[in-house]
Number of protein chains: 2
Amino acid sequence: MVYICAVTRTQTLEQLLVTSSRLVRLAAQAAGNATPSAVWRTLSILDAEGAMRVGELAAASRVSQPGMTRLLGGMDDDGLVTRSADAADSRAFIIGITPVGREALAGWRDTLARTLEPWFADLPDADWAALERSVAILAERTASPTASPAATSPATAQEERA
Amino acid sequence: MVYICAVTRTQTLEQLLVTSSRLVRLAAQAAGNATPSAVWRTLSILDAEGAMRVGELAAASRVSQPGMTRLLGGMDDDGLVTRSADAADSRAFIIGITPVGREALAGWRDTLARTLEPWFADLPDADWAALERSVAILAERTASPTASPAATSPATAQEERA
DNA sequence: CTCGATGCATAACTATGGTATATATTTGCG
DNA sequence: CGCAAATATATACCATAGTTATGCATCGAG
């Protein structure tokens, strides 16, 4: 039982990763590679979770801090994000989304609706429900980390924070 | 009704993309960035779908052909893939997974089980079912394309192939 | 006050993706 | 059958995304 269950879950996760990777690529190609995935991911996180520090945004995106610094450099140049000194710590900066960034994000969403949604146009409602539930699960599991599961399970970590 | 439904679906797809992107990054970081995502994605596709041409593999991965050529160059160097001339067309090559590649894929799966599964350890069975269903949907929708939805819907395209 | 920890930038590197182009081969049409 | 268009892949060049290592300034705890 446990053996069968473990194999199934590994397979599920494997396929989830492969399909996730493909989906991200599908979206990029369907949109003509107009907006790099790192950009829309970052804007979407800022839009959903609000302004935050560079390191926090890196953690939320699951990339390294220097990588995020570099990415934000370009986005700052393009006027997509704000950088303001953090009053609580003069080493830190708070990154927020600008109106231009919001417009860009909205534009990307329109592109999504036009280019990617048709791929899912004929899904029955039950399938949409499954996707929505999965998104909720993944959102919870991929949210900003404070501890790895080796130290504590995600659910336990949330209890400790509360 | 239609307006409300369209917005919800766009939001669902947006969040699906963001969580997908994060999940791919989470897996990479959890595994110590040991196996690049493009490599495991490629090996997993070859393992699941069998040997195929360079261009087919590029399409299956949703990347450009020259990009796939480059990636395969490195994988070939590492002994992960085979390249054999396609008897049906002397321009083409058939790419397959080697035993070394299979081992590498198995190793990656082990790493998945060890590093990523704990993040999902406390999921109830209903949530696993939702993930599995979503994976099935995404696998179907991201499978090797023969037509874009603008021309025909994915389901219709499958009927035409049958 | 001191020292270890932390936040971010920079440097150097590798990997992943794109488009454009070239060459050889295949296919389809007249 | 011949020819032109289409196709398969490699190469070149470019930009971006990611990493680790490092440096410097600042913070926080003892």
Side-chain angles (χ1 to χ4, degrees), chain A residues 20-43 45 51-78 80-81 83-95 144 146, chain B residues 20-43 45 51-78 80-81 83-95 144 146:
Chain A
S20 290
S21 179
R22 275 174 159 187
L23 181 69
V24 169
R25 292 296 321 145
L26 173 64
Q29 288 196 330
N33 287 294
T35 306
S37 62
V39 170
W40 55 250
R41 183 184 65 209
T42 303
L43 290 177
I45 289 170
M52 63 184 79
R53 289 186 182 180
V54 173
E56 286 172 337
L57 194 48
S61 306
R62 304 287 166 158
V63 299
S64 65
Q65 171 263 311
M68 181 53 71
T69 295
R70 170 197 283 269
L71 176 64
L72 289 174
M75 291 172 75
D76 194 6
D77 291 343
D78 296 340
L80 302 177
V81 293
R83 290 173 53 85
S84 46
D86 186 344
D89 184 337
S90 61
R91 298 168 298 184
F93 294 88
I94 301 292
I95 306 297
S144 304
T146 55
Chain B
S20 291
S21 179
R22 276 175 158 186
L23 181 69
V24 170
R25 292 299 318 149
L26 173 63
Q29 288 195 329
N33 286 293
T35 305
S37 62
V39 170
W40 56 250
R41 182 185 66 210
T42 303
L43 289 177
I45 290 171
M52 64 184 79
R53 290 185 180 178
V54 173
E56 286 172 336
L57 194 47
S61 306
R62 304 288 167 156
V63 301
S64 67
Q65 171 264 310
M68 181 53 73
T69 294
R70 171 199 283 270
L71 175 64
L72 289 174
M75 291 171 76
D76 193 6
D77 291 344
D78 296 340
L80 302 176
V81 293
R83 290 174 52 86
S84 44
D86 185 344
D89 186 336
S90 61
R91 299 169 298 182
F93 293 88
I94 301 292
I95 307 294
S144 304
T146 57

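Letters A, B, ... are given to chains in the order of the sequence lines, protein chains preceding strands, and every chain is numbered from 1. Worth knowing before you read on, the calculation uses all heavy atoms, side chains too, and leaves out hydrogens, waters and symmetry mates.
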Query raised in the report: Are any of A:R62's side-chain N or O atoms less than 4.0 Å away from OP1 or OP2 of D:dA17?
Result: no
Query raised in the report: Reckon B:G55 touches a base, only the sugar-phosphate, or nothing at all at heavy-atom distances under 4.0 Å?
Result: sugar-phosphate
Query - Nearest-nucleotide comparison on DNA chain D, the residue closer to the 5′ end among A:S37 and B:F93 - result: B:F93
**Report entry** Separation of atom CG in B:L71 from atom P in D:dA10, rounded to whole Å
**Finding:** 12 Å
Requested in this report: Select one nucleotide: of C:dG7, C:dA20, C:dG18, the one nearest the side-chain heavy atoms of A:R53.
Outcome: C:dG7
Query raised in the report: Out of curiosity, A:L80 CG to A:L71 CG, how far, rounded to the nearest 0.5 Å?
Result: 9.5 Å
Query - A:D86 CG - C:dA9 C1' separation (whole Å) - result: 17 Å
Requested in this report: Choose from C:dA9, D:dA12, C:dC13 the nucleotide whose nearest atom is closest to any side-chain atom of A:R70.
Outcome: C:dC13
Query raised in the report: Which listed nucleotide (C:dT10, D:dA17, C:dC8) is nearest to the side chain of A:P36?
Result: D:dA17
Report summary line: Taken to the nearest whole Å, CE/A:M75 to P/D:dT16 is 13 Å
Query - 5'-most by nearest nucleotide on DNA chain C - A:N33 or A:V54 - result: A:V54
Query - Pairwise side-chain contact, A:D86 with A:M52, heavy-atom cut-off 4.5 Å (strictly under) - result: no
Query raised in the report: Within less than 4.0 Å of OP1 or OP2 of D:dT9, is there a side-chain N or O belonging to B:T69?
Result: no
Query raised in the report: Taking only side-chain nitrogens and oxygens of A:R41, does any of them come within less than 4.0 Å of OP1 or OP2 of D:dG18?
Result: yes
Query raised in the report: Are side-chain heavy atoms of A:F93 and A:T69 found at a separation under 4.5 Å?
Result: no
Report summary line: A:L57 atom CG is separated from D:dG18 atom P, nearest whole Å, by 12 Å
Report summary line: Of the listed D:dT26, D:dT11, D:dT9, the closest approach to the B:P66 side chain comes from D:dT11
Query raised in the report: B:S90 side chain: which of C:dT25, C:dA5, D:dA17 is closest?
Result: C:dT25
Requested in this report: Please check if the side chain of B:R62 supplies one atom and the backbone of A:R25 the other of a donor-acceptor pair under 3.5 Å.
Outcome: no
Report summary line: Rounded to whole Å, the CZ-C1' distance (A:R91 to C:dT10) equals 18 Å
Query raised in the report: Given C:dG18, D:dT9, D:dT20, which nucleotide is nearest the side-chain atoms of B:S64?
Result: C:dG18
Report summary line: Taken to the nearest whole Å, CD1/B:I94 to P/D:dA8 is 11 Å
Report task. Grab the CG-P distance between B:D77 and C:dT14 for me, whole Å please. Result -> 14 Å
Query raised in the report: Can you find a donor-acceptor pair, distance only, under 3.5 Å between A:Q65 side chain and C:dA9 base?
Result: yes
Report summary line: Whole-Å distance, A:D89 CG to D:dA29 P, equals 12 Å
Query raised in the report: Does the side chain of A:R41 come within less than 4.5 Å of A:T35's, by heavy atoms?
Result: no
Query - Atom of A:Q29, atom of B:S64 and distance for their closest heavy-atom approach - result: NE2-N, 3.9 Å
Query raised in the report: For DNA chain C, whose closest nucleotide is more 5', that of A:R25 or that of A:A92?
Result: A:A92
Query raised in the report: For D:dA8, does either OP1 or OP2 sit under 4.0 Å from a side-chain N or O belonging to B:R83?
Result: no
